[in-house]
2 protein chains.
Amino acid sequence: MDLIERKYRILQAIIDDYILTALPVGSRTISRKYEQKLSSATIRNEMSDLEELGYLDSPHTSAGRVPSNKAYRLYVDQMLRPMALSSEEQAFIRQCFDRRTHQVEDLSLRIAKALSSMTNYTTAVMTRTPKSDQVFSHLQLVPVTSHRALLIIVTRSGAVRQSLIELGGMISSDELYTVSRILTAQLDGCPLSDLSRRFAAIAGGAPGDMQHVMRALSMEAQQASKDEVSALVVGGRSNLLRFPEYADVDKARSLLSVFETRDKMVDLLSTGGEMEFTVRIGPETGLEETRDCSIVSASFRLGDGRVNTIGLIGPTRMQYGRALAVLTQVGRTLTDVIDETESGRDSEA
Amino acid sequence: MDLIERKYRILQAIIDDYILTALPVGSRTISRKYEQKLSSATIRNEMSDLEELGYLDSPHTSAGRVPSNKAYRLYVDQMLRPMALSSEEQAFIRQCFDRRTHQVEDLSLRIAKALSSMTNYTTAVMTRTPKSDQVFSHLQLVPVTSHRALLIIVTRSGAVRQSLIELGGMISSDELYTVSRILTAQLDGCPLSDLSRRFAAIAGGAPGDMQHVMRALSMEAQQASKDEVSALVVGGRSNLLRFPEYADVDKARSLLSVFETRDKMVDLLSTGGEMEFTVRIGPETGLEETRDCSIVSASFRLGDGRVNTIGLIGPTRMQYGRALAVLTQVGRTLTDVIDETESGRDSEA
DNA sequence: GATTAGCACTCAAACAAGCCGAGTGCTAAC
DNA sequence: GTTAGCACTCGGCTTGTTTGAGTGCTAATC
């Protein structure tokens, strides 16, 4: 169908232009910049059709047209050609993973910063450990002060949880080490969800001065089994204020306040299914505050069982193609790096 | 001097009113709301004097007057009466410290949230360990995967640093434990600044498969001695957008971007001397982006050697009295809690 | 001499009117 | 089916006017 083909082209041109300029686009613009074979009158007719079909909105009678969310959906699903990044940009991404410091939240933060600076959108990075991968592996009590110890719980997948617990009395560091060894041996392979119960059980047979510690362990284990989300980092918040859609301070504020609410962020980043890449447009994001934002997100398995979800948050008028390209490249680099380390290779810094 | 006394009263009234309304205040307002004995003409003369003395600015001829930074300085230094918080508010603060979870960054985050919600300013909480307190106490290598281990370094003061290191080859978890024990015994009391050197020295005599680990330890130790600042948390960013002074999106953006730059935040929170409470007004903050912000900050010793600095960031037209009151209360509650735990008391949750 | 009433003056903000230009929809011609 | 042409719409910009809050100054009053 020739006509439909043309309508698509025109719609695409409108979306492209609007993404670029944030200004309602008129028939004349399209005729001049994109479809020089056609007069503005023809474009006008087509645009009128497209509006009727629900792909375009007009803010008012004489202001050109703006793509609807339905249009963006079509754009993302059908019109996007995969695009590559320049080799400079690829290098820039790779460089995030280069440094040796593996401070725990550090990598996420670096990814967030890099993506924000490349795209001008806000980036959120969430690290999650699926329940099924939460199997106890090691436990270590490290004395911190006379009455407090740091409890480290490591799962088979390599996730680490640390917390400070009160000892409830003087316990020598030797004792702490011994207890750590024994418990680690006894509990190896225990699902995290069972851990609390097991601790409680063991507590029964423990000597008096250990009772308190065991109870504390039990409580912490319960906490540990709860929090799937181990790290959540947001970067490039101030970028959003560059976009004309947030010239209204109230809009900006309501959006920024979402970034400050952990639960909401987790919701935003948790895609329904198991899809690697997800694009959610406007109301599809699920939050009132983000009803005119879009979120492009990608999830990557980290090899050790953890799942890293990276989301780019911007106005619905988003550079979807670029966002996806950047995320794809991050994913590619990430798996490269994991492969390298998994195969035991290591370079000098 | 009676006259000077009156000038002070008027200046104070102007500042109070401006803090409340953010609107340039005119002679009539003062005469009606604050100094009913005096006519607006008299106030006008006084205000004219105050302007000449540098305490007031006038945005333009007919717009009332606005306190200068010099005025705020005087206000903070001389005019502030200590004010108390309501018992509800005191309870609200106490509640932050109540929960048992001592997840490491958790408390800072809770403090930041609470203070932001109480004051509507942005809150930053920084935890620092002074160099002099950085003395090695314990070290623990916890196996995470076959090729990686979690390195935990604890200082005498109870500060904890963790990082993932590559092992460079298979090392059994028993070996890791043994090494941890030996190193901990050998290095007890060593200043953190020496640690890297000591590791390097020990590496010389270590067996082949440990060489790599020792080198990694040495590098991490070097890192550890560098970063005084162990945690930095910011809350309530979006609050600032409520204030009319940030109705201009560009101003808001430049300020928000400061919050995203760790180094700048550390600078902002690092007070010159050893003062417990600090108020910095406008340019005194030291950053171009915060030239019309003020920062009220307080530092508290955490007992274990760490120092917690809490800063409230708002427009120069800040409720200084309230800010100080809230911080004071947090400090009081903090030391209470520390005393309780130090004395070994512990309550059931 | 300090205080106040009164008045002329200033200036931003709010409002209204008018123009401009980008845009549409429709119709008639190609 | 396409296009030229024209009437019409409507937000945004400009300009002019009004309004009101405010100042500074002067002269009268306490």
Side-chain angles (χ1 to χ4, degrees), chain A residues 1-11 13-15 17-18 20-68 71 244-245 247-248, chain B residues 1-11 13-15 17-18 20-68 71 244-245 247-248:
Chain A
M1 290 203 259
D2 198 45
L3 195 93
I4 293 211
E5 157 70 20
R6 190 174 70 180
K7 267 201 180 51
Y8 267 51
R9 271 205 335 267
I10 291 174
L11 182 56
I14 294 171
I15 299 176
D17 202 74
Y18 186 70
L20 215 64
T21 64
L23 262 30
V25 9
S27 53
R28 185 116 189 289
T29 311
I30 298 298
S31 145
R32 259 181 319 171
K33 289 211 290 186
Y34 300 89
E35 297 281 344
Q36 300 180 353
K37 296 281 166 57
L38 297 177
S39 80
S40 67
T42 310
I43 307 284
R44 228 150 32 230
N45 291 330
E46 296 286 33
M47 283 169 89
S48 176
D49 291 357
L50 284 167
E51 180 165 6
E52 198 148 327
L53 291 168
Y55 291 109
L56 296 178
D57 295 329
S58 34
H60 59 86
T61 336
S62 67
R65 264 128 171 155
V66 162
S68 67
E245 21 273 280
D248 177 7
Chain B
M1 289 202 261
D2 199 45
L3 193 93
I4 292 211
E5 157 70 21
R6 190 176 69 180
K7 269 200 180 50
Y8 268 50
R9 274 209 328 271
I10 291 174
L11 182 56
I14 294 171
I15 299 176
D17 201 73
Y18 186 69
L20 213 65
T21 64
L23 261 31
V25 9
S27 53
R28 186 115 189 291
T29 312
I30 297 300
S31 147
R32 259 180 318 171
K33 290 210 288 186
Y34 300 89
E35 298 281 345
Q36 300 180 355
K37 297 278 166 60
L38 298 176
S39 79
S40 66
T42 311
I43 308 282
R44 218 137 54 218
N45 291 329
E46 296 286 34
M47 284 169 87
S48 175
D49 290 356
L50 284 168
E51 179 165 6
E52 199 148 327
L53 292 168
Y55 291 110
L56 295 178
D57 296 328
S58 34
H60 60 86
T61 336
S62 66
R65 265 131 170 152
V66 163
S68 68
E245 20 272 281
D248 176 8

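This one's a predicted model, so the numbers in the text were calculated from it and none came from an experiment. Computed from heavy atoms alone, side chains included, the values below leave out hydrogens, waters and symmetry copies.
With hydrogens and angles ignored, the 3.5 Å screen pairs a side-chain donor or acceptor of Ser68(A) with a backbone N or O of Ala71(A). Distance alone, capped at 3.5 Å, places no donor-acceptor pair between the Glu35(B) side chain and the Ser31(B) backbone.
Considering every non-hydrogen atom in both Met47(A) and Gly26(A), the closest pair reads CE-C, 4.2 Å. Of all heavy-atom pairs spanning Tyr18(A) and Leu23(A), the tightest one is CD1-O, 3.2 Å. The shortest non-hydrogen separation linking Ser27(A) to Ser40(A) is CB-O, 3.5 Å. In this structure, Pro24(B) and Ala63(B) approach most closely via the heavy-atom pair CB-O, 2.6 Å.
Atom pair Glu46(B):CD and dG1(C):C1' shows a separation of 14 Å (rounding to whole Å applied). In this structure, CD of Glu52(A) is placed 16 Å from P of dT24(C), rounded to the nearest angstrom. One atom, CG of Leu38(B), and another, P of dA5(C), lie 11 Å apart when rounded to the nearest Å. Atom pair Ile43(A):CD1 and dG23(C):P shows a separation of 13 Å (rounding to whole Å applied). We find that CD of Glu35(B) is positioned 18 Å from P of dA2(C), with the value rounded to whole Å. If you measure from atom CG of Asp17(A) to atom P of dA22(C), you get 15 Å, rounded to the nearest angstrom. Rounded to whole Å, atom P of dA13(C) lies 11 Å from atom CG of Leu23(B). dA2(C) atom C1' lies 12 Å from atom NZ of Lys7(B), rounded to whole Å.
Taking every side-chain heavy atom of Ser39(B) into account, dT4(C) is the closest of dT4(C), dT3(C), dT24(C). Checking dT2(D), dG23(C), dA5(C) against the side-chain heavy atoms of Thr42(A) singles out dT2(D) as nearest.
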Considering only nitrogen or oxygen atoms on both sides, find all protein atoms under 3.5 Å from nucleotides 26-30 of chain C and state each distance.
none

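In the displayed structure, Arg28(A) atom CZ is contacted under 6.0 Å by at most 12 heavy atoms of other residues, nucleotides or ligands.
OP1 or OP2 of dG24(D) has at least one side-chain nitrogen or oxygen of Arg65(B) nearer than 4.0 Å. Between Arg6(B) and dT3(C) there is a side-chain polar atom (N or O) within less than 4.0 angstrom of OP1 or OP2.
Ser58(B) comes within 4.0 angstrom of no nucleic acid atom, judged by non-hydrogen atoms across all strands.
Mapping Lys37(B) and Ser48(A) onto DNA chain C by nearest heavy atom places Lys37(B) at the nucleotide closer to the 5' end.
Residue side chain Thr61(B) does not reach the base of dT10(C) through any donor-acceptor N/O pair under 3.5 Å, judged by distance alone.
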